[in-house]
Each structure stands twice: as C-alpha cells, then as structure tokens.
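So you know, we letter chains A, B, ... as the sequences are listed, proteins then strands, and number each from 1.
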Amino acid sequence: MSVISAAKPNRMIGGFGRLFTTPTFGPLIVLIAFCAVFSLTTRTFWAAGNLSLVVQQSVIVGTLAIGQTMIILTAGIDLANGGIAVLGTIIAGRLVAQEQNPALSLLFALVLCTCFGLTAGLLVSRLMLPPFIVTLGLLGIITAITRLVAQGGAFPVTDDLLSWTGNAFAVGDTSITYGMIIMFCLYLLVWYLLTQTAWGRHVYAIGNNREAARLVGIPVQARLLSVYTFAGLLYGIGAWLALGRIPNADPNALQNANLDSITAVVIGGTSLFGGRGSLWGTLIGTLIVAVLRNGLTLTGIDPLWQDLVTGILVISAVALDQMSRRRQR
Amino acid sequence: MHTIRAAALRAARFNTDRTHFGNEPPIQIGSSRTPGRMGASLSIAIAAAAVSLAGVFGSATPSANAATGDQITIGLVTKTEVNPYFVKLRQAATAEAEKQGAKLIARFGKFDGDNEGQVAAVENLISAGVKGILITPNNSTGMLGIIKKARDKGVLVIALDTATDPADAVDATLATDNFEAGVLQGQYARKALGSKAPKLAMLDGSPGGTVDVQRHDGFLKGFGLKEGDPAIAGKQITHGAQDEGQTAMENLLTAHPDINVVYTINEPAAEGAYAAIKARGKLKDIVLTSIDGGRLGVQYVKDGKIAATVMQFPKIMATRGVDYVVDYVKSGKKPSGFINTGAKLITDKPFSGLPSQDTKWGLENCWGLVTPAAAPHTSFALID
C-alpha cells in the first residue's frame, strides 16, 4: 500500500510551511520575479488591461495543458492535443459555415475531440502502445483529416455562440473574457479531481509505478482510458476557447501547441516520468511563457530571448526533478 | 512570399517532432514525496538565476521602455523568421526606423499559420504604445478582430506583402501586385518559346493560397491561355519547396515528355524542376520560368538554370511602411488603399517590347541570403 499513500498528493493541501517544499514553489518564484522585473522596467506591464491580456493569451495553451498534465502524471505524453483542438475548430467552423445549427455543431466538435482522446486512451491502455508513438501517429492522422475537411481554406467565424468565449465584461479596469473564466473553472475542477478523489490518487499512483498500482488493485486500464478521454474533451473545449480568441478556424493554426503545453507542464514542475507534479504548477508555467512574451514586447527586446529563457527554464525544471529523484533513492 | 519557407519549416518541424521524451516506467516503489530541502534550495537557486537573467534584459536596455520619451515607436509583425524574405523586410524596416529617429519593435509568428502568435504580438504592441503597426498576416481573415481594436485606439495599421480580407480592414496595403507579376512571367515564357506550340507544366504553391492563385492566373493571362486549355499538360502542388518541385516535375515529364514550358511558383520549386529537367537531358527543349526574386533565384537566372524570374521588393514595402507611420504621427495623414510596390522581370536573355533588368542589377537589388558555395542548402550567411 505504500505506493498509494506515497502517491497521495496531499502536498497541495498542506499548510503554509509545506508551500516552500512543493514543486510549485520554484515556478511561482520565477513568475513573480519576471512580473517584478517587467513592472520595474516598463510603465505599462502592471496595468490591469495588460495583465488581463497576458491571461487571455494563456487561455488556449493553458487549457490544452490541463489535459497534458493529467496524461504526463500517468507517465504518458500527448503530442496530438493541438491537432485535436484545431480539428475541433475546423469541424465547428465548417459546419456553421454550411448553416448548420451552431450549438449542435459545437457539440459535434466536442464529441469528436473526445472520441480522439478515447482512441488514444484505448491504444495506450488496451494495446499497451507507448503514448509517444500513439499520439505522434494520431497527430499525423488528425492533421490530414483537418486538411481534408478544410480543403486548403480557413473558415472565418461570425457566429455568436462559437466566438462567445472571447466576449468580455469589465471588472473595474480589467476586462475578463468568458474564456478566462472557463479556463479557471477547468483548473479548479481538475485540481479537485486530482487531489480530492480516489480517481486522482489512482492517476498519480499509475504514473509512479504502473505495475505496483495494478498489483494493489487499481483498475489501471480503466483509469488510463478515462484520463485520455477526459483530456480529449478538454481539447474540444480548448477548440471553443481558440475560436473565441481568434474567430477564424484555420487548419494551419496551433502547430506548436503540443510542445507549448508540454513546456508549460514541465516548467510548472511536473515530472515527465509521471506521478509527481501539480496542476497549479502548469497554470504558472503557462503564465510564465505568456508574461515573458508580453514583457519582452513591451520592453522592445528581441523575441528570440523568449525562446532562450524558456529553454533554460525547461532544462532547469527537468534537472531539478531528476536531482530530487536521485536523492530519494 | 513563397520562398524556401516550406522546406525550412518542414526541416524545423521535423526536428521538433523528433524531440524525445523519456517515458520508461519509474523503478522505485518507495516514497516519491516532495523534493525536500535540496529541491527547495535548488528551486530558489534557479529562481535567482532567472531573476538575474531578467535583470540583464532590464539593464541591457535601460531606455527600452517603449512608452517612455517622445520617440515614435512602430510595431512590425511578420509571418515567420525562418523565411529570408521576412528577415529582409525586418532589416529594412529597422534601418529605415533608425534613419527616421523612430524605434521599431519587431515580432513574428512561429510558423506559417501562427495566428495566435501574431494576435498576441499585436495586443502586446498596442500595450507598448506603438503609433503604427506594419503586419504581414499569416491568414487574411485571422487578424480582423485585433486589427479593428488597434485602429479603434488610433493606431495606424498597414498590411505588408499580404492583404487582409476584406482589404479595407487595414488603413492601407503595401504589396506586390502578384497577378501583374504573374503576367510578366507569362509574357516572357510566351516570347521565349517562340513559334512552338506550347505544352505547359504548372508547379503551383499551396492549394487556395491567395498569392498562389494570383500568380497562377496572372501567368496564364500573360501567356495567353485559359484555365482548362489542353495546352496545359499538368498542374502539381509543390508548396514552394525544392524537393516537391523536383518530384512534381519528374512525374509530369514521365506523363508528358513533350512539355516545353514550365511555370513555377517560386525559385526553390524552379530549382527542383531544373534538376528533374536536367536528369532527363531536356535542358535545351524547355523554358523554365519563376517568380519571387530572392538572391538564390537571381543566381539561378545568372547560372542559366532559370530563363527568367520576376522580382518583388520587400525592402520598399518596409521602408515606405515606416515612412507612412512617421508621417502619420507628424502630420496626421493616413495612407489608404492598395499601394503596389512593383515587380521587375529579371533575365539575361531579354526580348524587345518586354522591359527587364539583367542579373547584375538583380543581384544588387534583390532580397534574401547568399549561400556559401560549399554547402548550398545547409548553411546560410546573412548579408545586407
């Protein structure tokens, strides 16, 4: 039973003292540091409107990264998440362009994205194929389907429902989009599932040691299947958020979203080997990348610095994870 | 706009796709709790490193805050930075801004189609307080919302190279008239063919691309053929890439050995077609033409690989774009409509009645990069 209790991620609900030893602490400090630097070097960074922008720019990758976090926690990886989301936008965009009912079109896109998550889950859990290969193959298949459906074109979206997530209301000087709210609700929901339910503990346990998890009676196959399927649904919602942010269903969009979401997860302190990490870290990781992009633009510094710093952060985060792992042995 | 980007992009993406992530099952069964003391101290160390790094940025450019001072700031958002065409555009804009005493903040998408990256760039530029934004949209309908927001805030928005759809979403468009450029290419091909009955192969870019269609249609108009004419032996998609151009030409020549004139969407595709034609020993029988005007392309014309190419002028788009913004800030005057930056036929075998420039002029005025002769397709050196 030691696996189960060890995997229990109760550090997330621990007291204040525990905060400093959580994997989220490092990323949080980095985020605060960048915010401080940009606040001091520019007049515009710490403005309500600009901070709202940073969050709006994080919405798509942030949502895709939720699914990515769950999958990486099971010691998996998902290279197809951006592809699935793009297919969702194209399906919904094309159906509405053909004057189908917008609600049904959106629902169909969500179901389709979920089905692709289910497919990945079946291949990973039943056929025991490596997630890297499964999702790499799926990415190719989905990209091809997307282009076949799109026929080389993009679909401008004018429908109110499809682009609703981009609508904003103002709280003081800050503009809040519905997409931001949806993203935060999803984080809360998945955080609850991962930390407060048996399902979530199983996810961590499987990532720690799949065989041990099976031996203690965790239904490994069913849990893996549920993780990938749920992730597929999240990617579908990501597609809706993408349409809200840019009301144009473009088959060429979001090509790097898979790697961007992995970057966010890793910078957020979640271990690529599974079993360790926190969802809030992923949100912080997403925000770090967005803050860098925004701040470097405000200061007028060459954007290539963003890639450079992001690269350093990724390697640092993984090195940190490895070191702490080795120390425990 | 169609240069070697497709090939370069694919190469870049291939590398990222191969990024491998360790996925072996963890061995330990014991505790996998929090990182512990060492982990915590390491996080702090890394955070400190990040702070100092960020500090370097801050201190390296103390006057970098775009919002301070009276200096005019201008934003430039290009499609990608992997394409020498846009590198040239950026360099020219930066130089012109410096000359005018303005400051240029350049941003770009990460890949062809990166609307999200471009939208975020424009949002951030508005936050930075720029007076004008020059943009080459990745997708002609992808940026409409954010462009409207920028204009509502009094920012002058000028599309460079690629028009938006509708075109009046921006204040003005500075671009090559790609249809007219295609006409020049077609007229030259027709004259070079002489009295022979044409058997035309068309190596197109991407299906449905705005520029691709304009060049294709322009060529047919200049050549004097209608779409669907039996003289068009075949059309193939190359995405403007050399390898696909070669495959397409090989297949077309197998199917129609009597092809005697070739349209290519850009010079990398033409280079691929050249290799296929050469392998068949048909160099003397076929007129190969192209369009774009990159340095490599002009060199191909000089080497006799391509009969002629049509050059476009990203440098003019960039410099005039910057000038318009500076003028707008100083006098409040806005440019409007479509402003053609011109296209020039480049060939060393001119025909009377068809104005052209030779390759010497072409090499002096072209955009793009020189490739070292030793490794023509692997490394690039930047020249201005």
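Using a 4.5 Å heavy-atom threshold, the side chains of Leu125(B) and Thr297(A) count as touching. Between Asn50(A) and Glu123(B) there is no side-chain heavy-atom pair separated by less than 4.5 Å. The shortest distance between side-chain heavy atoms of Glu116(B) and Ile246(A) falls below 4.5 Å.
Note that CG of Asp114(B) is 7.0 Å distant from CG of Asn256(A), once rounded to the nearest 0.5 Å. With values rounded to the nearest 0.5 angstrom, Ser127(B) atom OG is found 5.0 Å from Leu53(A) atom CG. In this structure, CG in Asp250(A) is found 7.0 Å from OG1 in Thr141(B), a value given to the nearest 0.5 Å. In this structure, Gln306(A) CD and Lys110(B) NZ are separated by 5.0 Å, a value rounded to the nearest 0.5 Å.
A donor and an acceptor atom, one from each side chain of Asn139(B) and Asn248(A), are located under 3.5 Å apart.
Only the side chain of Arg245(A) comes within less than 4.5 Å of a heavy atom in chain B; its backbone stays farther off. Neither the backbone nor the side chain of Ile32(A) has a heavy atom closer than 4.5 Å to any heavy atom of chain B. If you measure heavy-atom distances from Ala106(B) to chain A, the contacts under 4.5 Å come from the backbone alone. With a 4.5 Å cut-off on non-hydrogen atoms, Asp321(A) does not touch chain B at all.
Contact between Gly300(A) and Lys103(B) at its shortest, heavy atoms only, is CA-NZ, 4.1 Å. For the pair Ala128(B) and Leu298(A), the tightest heavy-atom approach, listed with the atom from each and the gap, is N-CD2, 3.4 Å.
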